[in-house]
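Below: the structure, in structure tokens.
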Amino acid sequence: MNLTLHVWRQANAAAPGRMVRYDARDVSEDMSFLEMLDVVNEKLIGEGKEPIAFEHDCREGICGSCGFMINGAAHGPQKGTTICQLHMRYFKDGEELYLEPWRATAFPVLKDLVVDRGAFDRIIAAGGFVSVRTGSAPDGNAIPVPKEAADTAMDAAACIGCGACVAACPNAAAALFTGAKISHLGMLPQGQAERSRRALRMVEQLTLEQFGSCTNIGECEAACPKQIPIEMIARMNRDHLKAAWQFRGAGKSGGGE
Amino acid sequence: MKLDSRIPSGPIEQAWDQSRFDMKLVNPANKRKFNVIVVGSGLAGGSAAASLGELGYNVKCFCFQDSPRRAHSIAAQGGINAAKNYQNDGDSIYRLFYDTVKGGDFRAREYNVYRLAQNSVNIIDQCVSQGVPFAREYGGALANRSFGGAQVSRTFYARGQTGQQLLLGAYQALEAQVAAGSVAMYTRTEMLDLVVIDGKARGIVTRNLVTGQIESHAADAVILATGGYGNVFYLSTNAKGSNCTAIWRAHKRGAAFANPCFTQIHPTCIPVSGDYQSKLTLMSESLRNDGRIWVPKQLGDKRAPGQIPEGERDYYLERRYPSFGNLVPRDVASRASKAVCDEGRGVGETGLGVYLDFADSINRLGRNAIEERYGNLFEMYNRITGEDPYTSPMRIYPAIHYTMGGLWVDYQLMSTIPGMFVLGEANFSDHGANRLGASALMQGLSDGYFVIPATLGNYLASNKLDKVDTSAPEFAATTAEVHESVRKLLSIKGKRTVSSYHRELGKIIWDYCGMARNAEGLTTAINRVQALRHEFWNNVNVPGSGEDLNQQLEIAGRVADFLELGELMCRDALNRNESCGGHFREEYQTEEGEAMRDDENFQYAAAWEYTGQDTEPLLHKEALEFKYVHPAQRSYK
Ligand SMILES: Cc1cc2nc3c(=O)[nH]c(=O)nc-3n(C[C@H](O)[C@H](O)[C@H](O)COP(=O)(O)OP(=O)(O)OC[C@H]3O[C@@H](n4cnc5c(N)ncnc54)[C@H](O)[C@@H]3O)c2cc1C
Ligand code: FES
């Protein structure tokens, strides 16, 4: 099949960007979307032009590196699928595709389709962990965890941190990402000691990073390649409310240590 | 070069405890005065950086991805082994040790492996406490599954995303240390060289992958945890960015490279479908718990799998290895698949494939049970091939997956360059000539959480290290060399793309140094790799400049290193006149086609010393001793 691509080209964070048109010829159905772009890039290099920069690593839908918009949809048209796992059999001959990077103040564009998602790391650093000194843990079976709790925790923990939820959200909120981590750890007995503090600090960081606020639109859930449900956000809100009450008057971040 | 393995003496059961007691300690108040560089944020690097930061060292951690959470460990699917014996099925530390030494075809160090088996139980505890959502039984206890090469059920898992969950545990611990100020994280930063001063590793030179800036970092010790080199084959199950640059450049600075030809071909991957193919996708070994592998009995049988009656199918693993059946180790399973395809009984359009069939399990356990166990893998298969494995069998074929070889390290995980330690898949230590499934995650975490915190302290406390900063002339010299090699890559502007060289190299290595090797083929491969390397440096086209984000330049540097490492792999394979584990030399096989070891002449780790671009490397041998598990021909019959 043959396709027409319109791709966002931007030399660096400071430079202005624009859409540029490319032809993708003789695309095989069995190619992944990124393999199709590989072929386009090889051709560009041959013509002495700069290839399109896009992020990728595992190409198995698990590392969360890849991701951009295809015709306005984060990770493209197939539900529950990252771009690296999206195959060309989902497209038709002659289609025109518009490829753009994630758009969010918190995710500045670095080049072409590559954005800086460092804000996600800082949200985790704010509290998305269980503090346990290496070597100090009790036996793995010392605390039974009901299967349902482990399963729900796993549903939340499946987040790959790709940023599609932010890109899909009209407010560019990172509520699904943050809610997923708060839910994952909050479902498990191991995560209880720091539960309130975690919710307070992570939510506080969200604001610092200039993500928008969540108004429960639900586009994030629809765009999530791991189909993480929007309930995670409700859990986050509950934990955050409870924590804010618990630490009221104690100042920011749950008070001085 | 002298290889001092520093293996403790005395009974193996107490060796690690005794060593830890004998090791010198760094006074807690002094720890923050030591600067430590950790290159890599996968299971090995991430767990090391987090644990060392927590101990109070001043740590800098580097990765080339945009976040430490994206290290290739994230992609591990099946599980992690531990000798917990929660199933009461006769497991023990000794049994895990035994299985691993035997699985490695008697080419690993017994003392290292024993320590690994001991640490395995602590790893599970640590990860559970971090909130890793391992699979549970209804009673709330941890669940297990079986993996190849073992007759007990000792593999812990988190659906088909075990690596992801373990890595997120380590990553979160790492970010906690970043927040605490003990670890500085450098993402999108690639190590391009090692700085050696007075014979000791004292820093690294890096390139900022966004700005192109070449920078120096000084330290008291350097830890490399940069993963395996499977991408030398171009098509592999590794992430696209996985590379050998850090270890290869350290090798050129004096670190011995051990057993480079010990590479693992995984039996169950999705077969290649076209020339544009950029990587291969693994279907977890855990599938062999419930899937049966078969091909038609008849040559060239082109019927659809459903049309082939039971009696005309050859379940060749069950037939050849009745006691382990579909769960024989990977090297054995891969070779058996190759054999049936070579006979012309392979399936699919290319004839390079065998069936992995779940029909029996679905009939026995129900579709739901299978979905619960492997749902995400089935989905992945469906996405890639457009076929539904619930109704027709998967087609699979072996693919390169893991590299047992790596930088040589002693028992304390230190390389032949004092002050440089190597952890995880990047080192050569624990898996001998073949790694058992679910043991790489275990080794990465054992190295990072439990071994390096002890052995690094010992190094720092027992050596007087002069104060060094990046103004030392060695930093300027190394930085100049890095600048020069980047400049050179960009200046050629030849006719062929970087990936075209990578593909060609991969094909040579796969054809001659893959599942089956022989002296003639290896000699051919060495010549061809040399010629290809020569052409690369005269005709490669790396577009753009060095001053910004330039992905082609990143890949070019990595391919340049693979072009050198590929040759060393072939030399090592040519030197090893025996078959063992993943290294199968066609000249050395039993009548039934099984690997034939030569313990008299090859019971050693081959550690290669770099002597220059155009001179042959020097071989050093570390003799291996087996005091506990007696070398025998591996039998899985
Ligand atoms: C698809 C797949 C499935 C697997 N499943 C299993 C399994 O079920 N069980 C099991 O035990 N094992 C499994 N393995 C093997 C296992 O995942 C790996 O061996 C292990 O995760 C390697 O961990 P590591 O920390 O050594 O390296 P990696 O996780 O590869 O990390 C390497 C790190 O080094 C960094 N790095 C590399 N080079 C540089 C450089 N030059 N400069 C700066 N940083 C650099 C990277 O950014 C990264 O952070 C699997 C492997 C694959 C490919
Ligand atoms: S490249 Fe890893 S998720 Fe797409």
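Chain naming here is simple, since letters A, B, ... match the order of the sequence lines and numbering starts at 1 in each.
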When you check the side-chain N and O atoms of E35(A) and S278(B), is any donor under 3.5 Å from an acceptor?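 Checked: E35(A)/S278(B) side chains pair up, N/O donor to acceptor below 3.5 Å.
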Carboxylate-amine/guanidinium contact [X] [Y], below 4.0 Å:
{"X": "E372(B)", "Y": "K147(A)", "value": "yes"}
{"X": "K240(B)", "Y": "E60(A)", "value": "no"}
{"X": "R159(B)", "Y": "D155(A)", "value": "yes"}
{"X": "K84(B)", "Y": "D139(A)", "value": "yes"}

Side chains of residues 166-176 of chain B: which donor-acceptor partners sit under 3.5 Å, not counting sequence neighbours?
{"residue": "Y171(B)", "atom": "OH", "partner": "D121(A)", "partner atom": "OD1", "Å": "2.6"}
{"residue": "Q172(B)", "atom": "OE1", "partner": "K181(A)", "partner atom": "NZ", "Å": "2.7"}
{"residue": "Q172(B)", "atom": "NE2", "partner": "G128(A)", "partner atom": "O", "Å": "3.4"}

What closest approach, in Å, do K111(A) and D548(B) show between heavy atoms, and which atom pair accounts for it?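 Closest heavy-atom pair between K111(A) and D548(B): NZ-OD2, 3.4 Å.
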Going by the rule side chain to side chain contact (heavy atoms under 4.5 Å, CB included), which residues pair with E42(A) if we only count those two or more places apart in sequence or in a different chain?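 I45(A), T497(B), S499(B).
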Suppose we screen for ring pair (Phe, Tyr, Trp, His ring centres under 6.0 Å). Which residues come up paired with Y234(B), at least two apart in sequence or across chains?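 Counting only residues at least two positions away or on another chain, Y234(B) forms a ring pair (Phe, Tyr, Trp, His ring centres under 6.0 Å) with H502(B).
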Chain A contact residues among residues 67-75 of chain B, heavy-atom distance under 4.5 Å: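 Listed by number: S67(B), P68(B), R69(B), R70(B), I74(B), A75(B).
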Non-hydrogen side-chain atoms of L549(B) and N12(A) separated by less than 4.5 Å: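 The answer is no; the side chains never approach within 4.5 Å.
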Using a 4.5 Å cut-off on heavy atoms from C-beta on, say whether the side chain of R188(B) contacts that of L110(A).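 They are in side-chain contact.
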Look at A158(A), S136(A), P189(A), A11(A) and state which one has the largest set of heavy-atom pairs under 4.5 Å with chain B.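 With the most close heavy-atom pairs to chain B, the winner is A158(A).
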Relative to chain A, which segment of Y276(B) carries a heavy atom at a distance below 4.5 Å: side chain, backbone, both, or neither?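 Both backbone and side chain.
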